[in-house]
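These notes concern the structure reproduced below.
Worth saying up front: this structure is predicted, and the values here are computed from it rather than measured. A note on names: the letters A, B, ... follow the listed sequences, proteins ahead of strands, and every chain is numbered from 1.
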Amino acid sequence: MAESTSGDSSNSNPTPPPAPVPEHKSWADVAEEEVAEEANAASASSTAASSLNVDELTIDEKKKATKFLDEPEDSNIQAVTSGDTPYNSASTFEDLNLSPELLKGLYVEMKFQKPSKIQAISLPMILNPPHKDLIAQAHNGSGKTTCFVLGMLSRVDPKMQVPQALCICPTRELTIQNMEVLRKMGKYTGISSECAIPADSRDALPISKRAPIMAQVVIGTPGTIKKWMSFKKLGVSRLKILVFDEADQMLAEDGFKDNSLRIMKEIEKVNPHCQVLLFSATFNDTVKNFVSRTVKKDHNQLFVKKEELSLEAVKQYKVNCPDELSKIEVIKDYIFEIGENVGQTIIFVRTRNSAKMLHKSLVDLGYEVTSIQGALDNEERDKIVKEFRDGLTQVLISTDVLARGFDQQQVNLVINYDLPVKYTAEYTREPEPDYEVYLHRVGRAGRFGRKGAVFNLICGERDENLMAKIERHFGTHVTEVQEKNVEDYKRALKEAGLLQ
DNA sequence: TGTCAGA
């Protein structure tokens with residue numbers, strides 16, 4: 001059984017006996033506290049975690065009193081490192097032995113000054129030999145992308161024109177977004193890259209007639225990557241680093257598990273030392289347990305408590321609506337009316353069809369909105385996202401295609417037209433909220449510590465229960481806004497910092 | 001049900 005520095009690896013004492021926990025915990029406090037939890041969770045199945053030693057990473061909080069780029073200073077990230085490889089957190093990008101070209105990209109193109117907290121901790125683990133696998137959880141909008149993009153760019157040997165880094169994302173949109181970051185950051189490196197997503201239908205060449213991929217970095221969606229690999233157009237024998245963005249979804253039973261595992265195994269077969277990075281803002285216990293068995297045994301991991309994940313920057317509200325129609329009225333007569341100038345808005349719906357219907361309803365009422373969902377043509381999807389990014393549209397209706405990762409700083413308002421629900425085969429049971437999706441949706445607002453608000457439109461007892469469970473899960477209170485009370489909405493938006 | 005694809 002585990003040896004851990006928390007001193008107690010038995011199940012009998014899940015909470016160490018510390019004094020009353022102060023509001024602002026020091027790193028070490030949390031590390032110890034959580035290690036015990038971790039050990040317990042892991043003990044159920046004898047996983048890798050059970051043989052981990054815990055190094056409390058030496059971060060002198062006081063020395064680092066200056067604010068990190070984007071994360072709450074007191075955010076607690078629990079690090080578990082395997083073996084005895086010591087890692088020092090990086091207080092500057094210079095600490096990381098990056099090439100001058102990469103540094104230039106970071107400072108000039110990205111306009112970064114210093115690593116965010118997750119970057120400071122994870123980058124040494126990613127970049128330093130022996131290049132262990134890493135499972136990393138970090139808050140929404142905290143700079144996860146930079147971590148793995150930097151990892152990929154810095155591992156590529158510029159002299160070899162073959163794929164050396166591969167990143168797999170759940171959606172086309174996230175692939176494109178990540179590629180834009182990579183190209184910007186790697187602008188001065190000369191590293192080549194290619195998106196593995198379905199091409200525009202017109203200039204699509206059959207895969208069998210395509211030249212093999214030479215690009216050094218490939219980012220794409222699972223279907224296309226699998227296809228390219230099976231047609232031997234994407235060689236993986238020289239891969240040094242494999243990244244799963246939104247890893248919990250990529251490895252979830254009802255997500256992309258099969259595809260992801262197939263790709264991972266294929267790579268492992270020819271290339272057992274390829275470093276694997278798993279990044280997400282969320283890892284529920286089931287997935288957490290599974291992924292830690294999926295990667296190599298001596299992996300490192302970073303986790304955040306779920307209570308800490310709900311961004312304080314984003315205020316959460318709920319509106320009880322007597323029926324579906326009144327949801328539309330709430331949106332147009334109150335939220336749109338009062339929140340006219342608060343920035344861009346994303347309205348999340350559960351199904352493709354409701355995206356279409358709500359779009360039509362709002363357009364019929366004279367509002368300029370667009371909508372996106374997976375049934376649209378790829379060209380159409382790209383166009384709608386571009387228009388939204390360019391600020392040509394203010395309101396975007398979306399299924400959960402955009403729930404994760406979509407980074408648009410002007411989005412200050414998120415409306416949950418439908419609450420996210422976990423799909424369960426046993427529909428006899430009462431529905432469970434999808435906590436992870438909820439958190440990801442909320443995270444579309446308040447990017448990089450900006451202000452934001454989310455309105456949850458509740459209809460009926462079922463929704464009330466779901467909402468209550470969400471509140472309980474994250475340990476937060478979601479303020480109710482009276483359906484037809486203008487002042488309530490105003491107060492909410494003021495409180496969120498979106499209204500004078 | 002939604003996310004990826006393709007028979």
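Residue N259(A) contributes atom CG, which lies 8 Å from atom C1' of dA5(B) at whole-angstrom precision. Summarising the geometry, the separation between CH2 on W228(A) and P on dA5(B) is reported as 10 Å, rounded to the nearest angstrom. We find that CZ of R262(A) is positioned 12 Å from C1' of dA5(B), with the value rounded to whole Å. Straight-line distance from the CG atom of L376(A) to the P atom of dG2(B): 13 Å, rounded to whole Å.
Closest to the R381(A) side chain, of the nucleotides dG2(B), dA5(B), dT3(B), is dT3(B). Between dT1(B), dT3(B), dA5(B), one nucleotide has an atom nearer to the side chain of Q249(A) than all others, and that is dT3(B).
A sub-4.0 Å separation between OP1 or OP2 of dT3(B) and a side-chain N or O of T221(A) is absent. Between T224(A) and the phosphate of dA5(B), there is a side-chain N or O to OP1/OP2 separation shorter than 4.0 Å. At dT3(B), one or more side-chain N or O atoms of T399(A) fall inside 4.0 Å of OP1 or OP2 (strictly under the cut-off).
Note: F279(A) and F244(A) fail the aromatic proximity criterion, with ring centroids not under 6.0 Å apart. Between F303(A) and F283(A), the ring centre distance stays below 6.0 Å.
E324(A) has a carboxylate O that lies under 4.0 Å from a charged side-chain N of K327(A), or vice versa, which qualifies the two as a salt bridge.
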